[in-house]
Amino acid sequence: MISFFSWKSNKSGLGHSVRTKKLFLFIKRFYKCNYREFDNLKKLYLLLKKNKSDIIFLDTYKFSKKIGSLLKKKFNKTIIRNDFQFKKENNFYYFDDFKYYEKKNDKDTKLFFGQNYCIPKKISLRKNKSQKIILIIFNNKKQNFFYKKIKELIKDKKDYKKIFINVKNIKIKKKIKENYYSEVHGFLRNEKIKLISDHSNIIISPGGQTLMELIENNHYPNVISISKNQNYYSKILNKKNKINLIAKKNFKLRKNKLNNYISFSKDKNLLRKRSLIEIFKKNEST
């Protein structure tokens, strides 16, 4: 049995639960497994204490020595999605979506990083030529900060239609409707965001899970990074010309293009799926 646990709260956004649930839905086709959500470490500890699985997959915003001790003592294998938010435990396996993680020690076989461990997707990018669109995806927490930044970024883009997503602040929502030719959404599912992204000439995004989704779908977003782990990924992706990182003195937007982040073939698709499943094999040494 494999148990998936993901952090889900207003403070951390939806990224942890969305990506873990996708992984769970894929893995359950091959293994018996279940999925649980938590919003604090006390709840996570109680869920783990009652759990009787062989393997634990944990995607959490925070961590503790108490939980680390329980995981080591009780379960055969623990796989953690870290995002560089807490100190790593050497006894655990680590899973990360990003292909560009630079391993310091190639001999460490307990690190599972990169697109080889993700479910491949078909790529399509059909920008709207008849109507120019700017897609603006707000950060879940720093709404005022995002609005101030975005005002500067789009002030000379009057001929573009603006589509704002994840706008929760009522005052900001009102200002947007008053000042821009726009659509405003509080929340949209990933599938809908992908469809809008495919037709957008310019994309502005935060640097978290939303950025991962855009990159995986071969888009080229303009990124506003707001945290330590977001900075880590964004700097590497910017250096490799997969995103346009908006620095304090850089307010120049770049257009969306096909970034060729992933190329596909039938053989590669099969290899990626097998690599993903390999992590969970019970006969693998711990």
Side-chain angles (χ1 to χ4, degrees), residues 15 97-100 115 118 120-140 142-143 145-167 172 175-177 179-185 187-227 230-264:
D97 286 307
F98 268 104
K99 173 183 187 175
Y100 294 118
Q115 288 295 340
C118 291
K121 304 172 185 177
K122 290 185 178 179
I123 301 304
S124 60
L125 182 59
R126 306 175 300 277
K127 285 183 287 186
N128 194 322
K129 293 179 181 178
S130 60
Q131 181 183 44
K132 294 194 287 184
I133 294 172
I134 299 180
L135 170 62
I136 302 159
I137 305 168
F138 266 57
N139 175 266
N140 195 46
K142 299 193 176 182
Q143 300 261 302
F145 170 82
F146 249 67
Y147 181 64
K148 286 176 184 176
K149 276 267 189 187
I150 286 160
K151 268 172 59 179
E152 291 295 318
L153 291 168
I154 63 174
K155 63 184 179 184
D156 61 339
K157 305 291 183 186
K158 293 178 183 177
D159 55 334
Y160 284 80
K161 180 181 178 179
K162 287 87 176 176
I163 300 178
F164 295 82
I165 293 172
N166 201 26
V167 184
I172 291 173
K175 284 179 184 177
I176 289 170
K177 287 180 178 178
N179 294 300
Y180 302 101
Y181 166 47
S182 65
E183 287 179 31
V184 189
H185 302 277
F187 174 79
L188 286 178
R189 292 187 176 278
N190 287 347
E191 293 77 13
K192 183 68 174 176
I193 293 175
K194 184 193 177 312
L195 184 64
I196 298 169
S197 301
D198 286 348
H199 290 84
S200 296
N201 303 86
I202 295 172
I203 300 173
I204 304 172
S205 165
Q209 179 63 20
T210 305
L211 168 62
M212 294 186 189
E213 293 284 341
L214 290 167
I215 294 292
E216 285 175 4
N217 285 296
N218 276 25
H219 290 288
Y220 183 82
N222 298 272
V223 176
I224 301 173
S225 182
I226 61 159
S227 67
Q230 288 185 10
N231 289 340
Y232 177 87
Y233 291 130
S234 297
K235 284 177 182 177
I236 295 169
L237 289 165
N238 186 62
K239 190 176 179 180
K240 293 180 181 288
N241 198 31
K242 303 300 179 186
I243 66 168
N244 177 35
L245 183 59
I246 300 168
K248 289 180 181 178
K249 295 180 181 179
N250 174 21
F251 288 96
K252 187 177 180 181
L253 290 175
R254 292 187 183 174
K255 290 189 176 180
N256 186 21
K257 62 183 181 181
L258 195 66
N259 71 25
N260 294 320
Y261 182 65
I262 309 170
S263 58
F264 291 99

Taking all non-hydrogen atoms of both residues into account, name the closest pair between [X] and [Y] and its distance.
X: Q143; Y: N139; answer: NE2-O, 2.7 Å
X: H185; Y: I163; answer: CD2-CG2, 4.0 Å
X: I243; Y: S234; answer: CD1-O, 3.4 Å
X: P221; Y: I215; answer: CD-CD1, 4.1 Å
X: N244; Y: K252; answer: ND2-O, 3.0 Å

Taking it one step at a time, do L214 and I137 satisfy side chain to side chain contact (heavy atoms under 4.5 Å, CB included)?
CA-CA 11 Å; L214 290 167; I137 305 168; 4.3 Å; yes

Could you check whether any side-chain heavy atom of [X] comes within less than 4.5 Å of a side-chain heavy atom of [Y], counting everything from C-beta outward?
X: I196; Y: L188; value: yes
X: F145; Y: I224; value: yes
X: I204; Y: L253; value: yes
X: L153; Y: N222; value: no
X: D198; Y: K194; value: yes
X: S205; Y: L135; value: no

Over 60° means perpendicular and under 30° means parallel, so tell me whether Y147 and Y180 are parallel, tilted or perpendicular.
perpendicular

Could you tell me which residues satisfy side-chain contact (heavy atoms from CB on, under 4.5 Å) with [X], sequence neighbours excluded, listed by chain and number?
X: K177; answer: K173, V184
X: K255; answer: Y160, I202
X: D159; answer: K132

Applying salt bridge (Lys or Arg N to Asp or Glu O under 4.0 Å), name anything that partners [X], two or more places apart in sequence or on another chain.
X: K155; answer: E152
X: K161; answer: E183
X: D156; answer: none

Whether [X] side chain and [Y] backbone form a donor-acceptor pair below 3.5 Å:
X: N179; Y: K175; answer: yes
X: N166; Y: F138; answer: yes
X: N256; Y: N201; answer: no

Would the number of heavy atoms belonging to other residues, nucleotides or ligands and lying under 6.0 Å from NZ of K157 be above 12?
yes

Please evaluate residues E213 and I193 with respect to the criterion side chain to side chain contact (heavy atoms under 4.5 Å, CB included), reporting the C-alpha separation (whole Å), side-chain torsions for both, the decisive distance (0.1 Å), and the verdict.
CA-CA 9 Å; E213 293 284 341; I193 293 175; over 6 Å; no

